Amino acid sequence: MTNRERIGKLEAERDLTDSGFLQLLQNLTPEDRELLAARAGAVRERVYGNAVYVRGLIEFSNICRNDCYYCGIRKSNAKVDRYRLTGQEIMDCVREGYGLGFRTFVLQGGEDVWFTKERMASVIRRIKEEFPDCAVTLSLGERTREEYECWRRAGADRYLLRHETADEEHYRSLHPPGMNLPRRRECLYVLRETGYQTGAGFMVGSPGQTWDNLISDLRFLQQLRPHMIGIGPFLAHRDTPFAGEPDGSYELTLTLLSILRLMFPGVLLPATTALGTIAPDGRERGLLAGANVLMPNLSPVRVRDKYELYDNKLSTGAESAQCMEELRRRVEAVGFRIVTDRGDSRTDLPEGPKAYKT
């Protein structure tokens with residue numbers, strides 16, 4: 001079977017055998033990548049048209065109890081200038097974003113235990129009471145079922161929790177003792193059971209990653225059936241144990257975005273800040289590969305460069321919410337249009353091509 005045939009089979013059946021994925025990933029030509037992106041773009045067009053959904057990202061704390069080897073805000077990094085926004089500061093960001101047209105807000109932080117179940121619920125309730133037409137997405141890491149249920153009752157709509165890798169041995173190589181993949185996976189299943197639109201995802205090119213690891217990631221996502229999938233290239237941070245490791249592949253990230261769009265037609269698929277960091281037109285290329293979400297930064301300017309998960313992260317300019325016109329121009333230049341409504345996932349539509357026609 002040729003790669004052209006594999007791509008056709010993937011589009012038609014939303015799956016390949018493990019050996020089929022391996023052959024596809026290992027032997028892609030530039031022509032194959034163009035075909036893959038074109039097929040993924042056609043699927044995205046059928047499901048979402050040319051809409052690109054924007055989310056207002058609020059990075060409200062860079063304090064974290066975890067010590068992940070790849071992360072710049074890991075607790076062992078004494079060079080981080082730590083901060084924590086107050087509830088009022090978060091609300092100020094939301095109000096500004098609402099005025100700019102945002103109708104989804106992503107509250108993202110390290111696993112900062114100061115934000116207890118009650119404190120976080122209070123923030124969520126304030127947002128939903130003042131802006132009932134908006135969606136609230138949380139990205140707060142591993143918490144208890146009780147916390148997840150409480151925040152869902154308070155009004156949270158979505159939750160992002162990247163699994164990072166679905167292989168247990170690889171997971172252990174990226175995280176310190178005390179963190180484990182079964183718990184991470186269990187959190188994701190609890191989130192789905194609790195009624196969140198749930199997002200998972202993985203790094204591309206993280207240290208020690210193999211082709212088999214990537215195939216395991218695809219298989220795990222098939223089991224989980226998430227509403228959102230966030231992937232991006234591994235980018236090293238100077239103050240972590242992986243400081244000297246090579247960055248993940250930009251081209252492979254784009255390829256996997258296209259594969260994920262073909263496998264999960266209705267999923268919300270961001271073109272991440274990491275893509276924009278690794279290449280000037282990275283997010284535009286991500287959209288052309290099948291992505292349909294962007295997350296401009298609404299955090300106060302004074303803290304944006306402090307939430308540094310990897311080196312050289314974009315923190316000012318077109319990735320910020322205040323520069324929406326520049327972002328709009330860049331998105332339109334590659335054939336898309338920015339939409340600022342809630343933009344809910346369409347993954348729970350019935351299976352079959354007719355279900356995805358717009």
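In what follows, residues are counted from 1 in the order of the sequence shown. As the structure is a prediction and not an experimental result, all values here were calculated from the model.
More than 12 heavy atoms of other residues, nucleotides or ligands shown are found within 6.0 angstrom of CD on Gln88. By the 6.0 Å contact criterion, CZ on Arg4 is open, its count of non-hydrogen atoms from other residues, nucleotides or ligands being 12 or less. Annotation: Glu169, atom CD; neighbour count of heavy atoms from other residues, nucleotides and ligands within 6.0 Å does not exceed 12.
Atom CZ of Phe264 sits about 10.0 Å away from atom OG1 of Thr347, to the nearest 0.5 Å. With rounding to the nearest 0.5 Å, the separation of CZ in Arg125 from CE in Met120 is 11.0 Å. Rounding to the nearest 0.5 Å gives a distance of 11.5 Å between CD of Gln222 and CG of Asp217. Atom NE2 of His237 and atom CG of Leu235 lie 11.0 Å apart (nearest 0.5 Å). We find the CG-OG1 distance between Leu57 and Thr273 to be 7.0 Å, quoted to the nearest 0.5 Å. Note that CZ of Arg84 and CZ of Arg82 are 10.5 Å apart. Values are rounded to the nearest 0.5 Å.
Every residue two or more places apart in sequence or in another chain that forms a side chain to side chain contact (heavy atoms under 4.5 Å, CB included) with Leu288 is listed here: Val334, Phe336. Applying the ring pair (Phe, Tyr, Trp, His ring centres under 6.0 Å) rule to Phe115 yields the partners Phe60; only residues at least two apart in sequence or on another chain are considered. With sequence neighbours excluded, the residues forming a side chain to side chain donor-acceptor pair (under 3.5 Å) with Lys128 are Asp157, listed by chain and number.
The closest side-chain heavy-atom distance from Ile63 to Tyr83 is not below 4.5 Å. Counting heavy atoms from C-beta on, the side chains of His227 and Tyr196 never come closer than 4.5 Å. Looking only at side-chain heavy atoms (C-beta outward), Leu294 and Thr272 stay at 4.5 Å or farther from each other. The closest side-chain heavy-atom distance from Asp247 to Pro233 is not below 4.5 Å. Considering only heavy atoms from C-beta on, Val204 comes within 4.5 Å of Phe202 through its side chain. In this structure the side chain of Pro207 reaches within 4.5 angstrom of the side chain of Leu174, judged on heavy atoms. No side-chain heavy atom of Thr137 sits less than 4.5 Å from a side-chain heavy atom of Gln197. Between Phe102 and Glu96 the shortest side-chain heavy-atom distance does not fall below 4.5 Å.
Centroid-to-centroid, the aromatic rings of His163 and Phe220 come within less than 6.0 Å. The aromatic ring centroids of Tyr70 and Phe242 lie 6.0 Å or more from each other.
Proximity of a side-chain donor or acceptor of Glu5 to a complementary backbone N or O of Thr2 within less than 3.5 Å is detected. Distance alone, capped at 3.5 Å, is enough to place a donor-acceptor pair between the Thr194 side chain and the Val190 backbone. Side chain of Arg152 to main chain of Ala156: a donor-acceptor pair is present (N/O by atom type, distance under 3.5 Å, no hydrogens or angles).
Here the closest heavy-atom approach between residue Ala40 and residue Gly290 is recorded as CB-CA, 4.4 Å. The two residues Pro270 and Leu257 make their nearest non-hydrogen contact at O-CD2, 4.0 Å. When every heavy atom of Pro296 is checked against every heavy atom of Leu327, the shortest pair comes out as CG-CD2, 3.5 Å. When every heavy atom of Ala271 is checked against every heavy atom of Ala291, the shortest pair comes out as N-CB, 3.7 Å. Across all non-hydrogen atoms, the minimal contact from Ser345 to Val267 is OG-CA, 4.5 Å. For Tyr69 against Pro177, the heavy-atom pair with the smallest separation is OH-CD, 3.9 Å.
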Please assess Asp344 against Arg346 for the test side chain to side chain contact (heavy atoms under 4.5 Å, CB included), listing each intermediate value before the final yes or no. CA-CA 7 Å; Asp344 289 304; Arg346 300 183 180 179; over 6 Å; no

Between Phe21 and Leu214, does the side chain to side chain contact (heavy atoms under 4.5 Å, CB included) criterion hold? Intermediate values first, please. CA-CA 9 Å; Phe21 276 124; Leu214 287 173; over 6 Å; no

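Comment: Arg119 does not engage Asp112 in a salt bridge, judged by the lack of any side-chain N to carboxylate O separation of less than 4.0 angstrom. Ion pairing between a basic and an acidic side chain is recognised when a charged N comes within 4.0 Å of a carboxylate O; Arg238 and Glu308 show such pairing. A salt bridge links Lys9 to Glu13: at least one charged side-chain nitrogen sits closer than 4.0 Å to a carboxylate oxygen. The pair Asp81-Lys306 meets the salt-bridge criterion, with a side-chain N (NZ, NE, NH1 or NH2) lying under 4.0 Å from an Asp/Glu carboxylate O. Residues Arg95 and Glu130 are paired through a salt bridge, judged by an N-O separation under 4.0 Å between the basic side chain and the carboxylate. With salt bridges taken as basic N to acidic carboxylate O contacts below 4.0 Å, one links Glu89 and Arg302. We find that Arg328 and Glu325 are joined by a salt bridge, their nearest charged nitrogen and carboxylate oxygen being less than 4.0 Å apart. Between Glu326 and Arg329 there is a salt bridge, since a side-chain N of the basic residue sits under 4.0 Å from a carboxylate O of the acidic one.
Remark: the Asn213 side chain and the Ser216 side chain contain no N/O donor-acceptor pair separated by less than 3.5 Å. Thr165 and His170 share a side-chain donor-acceptor pair at under 3.5 Å. A side-chain N or O of Gln23 and one of Asn27 form a donor-acceptor pair less than 3.5 Å apart. In the model, Thr104 has a side-chain atom that pairs as donor or acceptor with a side-chain atom of Arg158 under 3.5 Å. For the 3.5 Å distance criterion, the side chains of Arg261 and Asn292 qualify, holding a donor opposite an acceptor. Using modelled atom types, one finds a donor on one side chain and an acceptor on the other under 3.5 Å when comparing Ser299 with Asn297. Residues Tyr98 and Asp133 bring a donor and an acceptor atom of their side chains to less than 3.5 Å of each other. Checking Asn50 against Arg337 by side-chain atom types alone, a donor-acceptor pair falls below 3.5 Å.
Hydrophobic clustering (side-chain heavy atoms under 4.5 Å, transitive across Ile, Leu, Val, Met, Phe, Trp, Tyr) groups Leu256 together with Trp211. Side-chain heavy atoms closer than 4.5 Å link hydrophobic residues (I, L, V, M, F, W, Y) into clusters, and following such links, even through other members, never connects Phe234 to Leu252. Side-chain heavy atoms closer than 4.5 Å link hydrophobic residues (I, L, V, M, F, W, Y) into clusters, and following such links, possibly through other members, connects Tyr148 to Tyr189. Linking ILVMFWY side-chain heavy atoms closer than 4.5 Å, directly or via other members, places Leu161 and Ile231 in a single hydrophobic cluster. When the side chains of ILVMFWY residues are joined at heavy-atom separations under 4.5 Å, either directly or via intervening members, Trp114 and Met91 end up in a single hydrophobic cluster.
Between Phe131 and Phe105, the ring planes are tilted. Angles from 30° to 60° get that label.
The salt bridge (charged side-chain N to carboxylate O under 4.0 Å, His left out) analysis of residues 21-43, with sequence neighbours excluded, yields the pairs Glu11-Arg39. Among residues at least two apart or in separate chains, salt bridge (charged side-chain N to carboxylate O under 4.0 Å, His left out) pairs with a member in residues 59-71 are Glu59-Lys313, Arg65-Glu111, Asp67-Arg74.
Taking a 4.5 Å side-chain heavy-atom cut-off between Ile, Leu, Val, Met, Phe, Trp and Tyr, the cluster of Tyr171 extends to Met179, Leu181.
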